[in-house]
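This report concerns only the one structure given below.
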There are 2 protein chains.
Amino acid sequence: MSPIGFEKHDHTHCIASALQVAETTCSEQGIQLTPARRRTFEILLQEHRAMGAYEVLEHLRASGHGSQPPVAYRALDFLVKHGFVHRIERLNAFIACAHPGERHAPCFLICRNCETVAEAPARPAADALSVSAADMGFKVERVAIEAEGLCPACVETAA
Amino acid sequence: MSPIGFEKHDHTHCIASALQVAETTCSEQGIQLTPARRRTFEILLQEHRAMGAYEVLEHLRASGHGSQPPVAYRALDFLVKHGFVHRIERLNAFIACAHPGERHAPCFLICRNCETVAEAPARPAADALSVSAADMGFKVERVAIEAEGLCPACVETAA
DNA sequence: GCTTGATATGTTATGCTGTAACAGAGTACA
DNA sequence: TGTACTCTGTTACAGCATAACATATCAAGC
């Protein structure tokens with residue numbers, strides 16, 4: 001049981017399902033979900049929270065993969081590039097995508113107290129942004145929207 | 001002449017004006033714009049671009065201030081906390097606020113080619129976000145919106 | 001005056017995050 | 001068989017950030 005969004009659930013199912021989607025997507029697009037990349041994705045799916053690259057690396061090492069930073073960074077870069085994993089700029093960390101397969105603009109809600117991260121829809125916000133950017137002549141390719149605050153559980157504790 | 005937004009201008013005036021606003025704001029709020037903090041703000045205003053903490057530190061050292069990282073980080077933290085400077089998460093860098101004194105949700109347009117950073121209005125996007133966050137029970141305190149893409153000049157060059 | 005507390009500056013030392021550059025293994029294909 | 005490409009692994013290093021401690025300044029209260 002780990003938090004996703006801010007609700008608890010058993011995510012045994014979503015791990016299997018996300019891996020399935022990733023494999024299908026990769027074979028469709030002719031890209032390779034190699035053992036190292038797949039294992040990296042599994043690690044993030046199992047923990048189901050934002051993890052630093054070095055933390056991921058420890059798990060990779062324990063699984064018999066390389067133990068040097070580039071091993072983790074390359075796998076993470078691949079997963080981010082293809083949308084299976086998101087990078088949380090605010091935390092210099094990575095988290096498995098909560099909506100694999102769907103084309104979406106992600107937005108993250110980061111609790112400053114417990115560091116839990118939830119993924120929320122950002123389509124309206126991202127659209128609003130693209131319009132004003134276009135007015136300035138800027139061509140948007142990627143948008144990162146990250147909100148910091150208190151998650152429901154921590155709001156309650158604080159009160 | 002340095003780029004602000006994506007247009008060139010002489011910003012001698014805006015340096016003086018921003019410092020003025022900062023001093024007024026600080027004395028109104030009973031907080032101290034000490035020499036080190038003021039100098040840090042000046043450095044960012046003069047360069048008028050996103051700068052890393054260590055780059056700022058070099059300038060501070062040249063001005064006779066401390067030469068160790070905490071000196072720069074403390075001043076930058078102060079300036080960020082009070083809204084005179086923004087932190088660009090994507091670049092691990094800092095930039096002087098383009099609209100000092102105005103209460104605003106900032107949004108940054110970062111050119112992936114020339115690294116120029118422009119500040120755009122993010123009010124609509126931030127508002128849209130707060131609403132969907134509230135639906136999930138999350139209390140937003142701070143929002144970072146950063147778009148990566150190509151600035152007008154680099155779009156033209158690429159074409 | 002003198003103490004106390006709050007604030008700010010400076011240092012040393014260290015830890016976390018990320019990448020450049022090179023070597024080798026595996027595969028696809030002409 | 002050789003060549004090109006991709007992936008994995010390494011060493012070495014660069015860049016970003018903070019903890020912990022020492023010192024200085026200044027205002028409030030005894």
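Every chain is numbered from 1 and lettered A, B, ... according to where its sequence line falls, protein lines coming before strand lines.
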Checklist line | Test: Glu55(A) and Arg49(A) ion pair at under 4.0 Å | finding: yes
Checklist line | Side-chain (Arg87(B)) to main-chain (Asn92(B)) donor-acceptor, under 3.5 angstrom | finding: no
Check: Which of the following nucleotides, dG9(D), dT11(C), dA17(D), is nearest to the side chain of Ala53(B)?
Finding: dA17(D)
Which atoms of nucleotides 25-30 of chain C (N or O only) lie under 3.5 Å from a protein N or O atom, and what are those distances?
none

Next item on the list: For Ser63(B), check side chain to side chain donor-acceptor pair (under 3.5 Å) against everything at least two apart and list the hits.
Entry: Arg39(B)
Check: Is a donor on one side and an acceptor on the other found under 3.5 Å between the side chain of Glu148(B) and the backbone of Arg112(B)?
Finding: no
Check: Out of dG18(C), dT8(D), dT18(D), which has the shortest distance to the side chain of Asn92(A)?
Finding: dG18(C)
Check: Are the charged groups of Asp77(B) and Lys81(B) less than 4.0 angstrom apart, N to O?
Finding: no
Margin query: Can you tell me if Tyr54(A) is stacked onto the base of dT17(C), using a 5.5 Å centroid cut-off and an angle below 30°?
Written below: yes
Next item on the list: Return yes if some donor-acceptor pair links the side-chain N/O of Glu146(B) with the main-chain N/O of Ala144(A) below 3.5 Å, else return no.
Entry: no
Next item on the list: Taking only the side-chain heavy atoms of Pro69(B) (C-beta and beyond), determine which of dA17(D), dC7(D), dT10(D) contains the nearest atom.
Entry: dA17(D)
Check: In residues 70-78 of chain A, which ones come under 4.0 Å of DNA chain D, going by heavy atoms?
Finding: Pro70(A), Val71(A), Arg74(A)
Notebook entry, point to check: Counting only N and O atoms by type, is there a donor-acceptor contact under 3.5 Å from the side chain of His82(A) to the main-chain atoms of Phe78(A)?
Noted result: yes
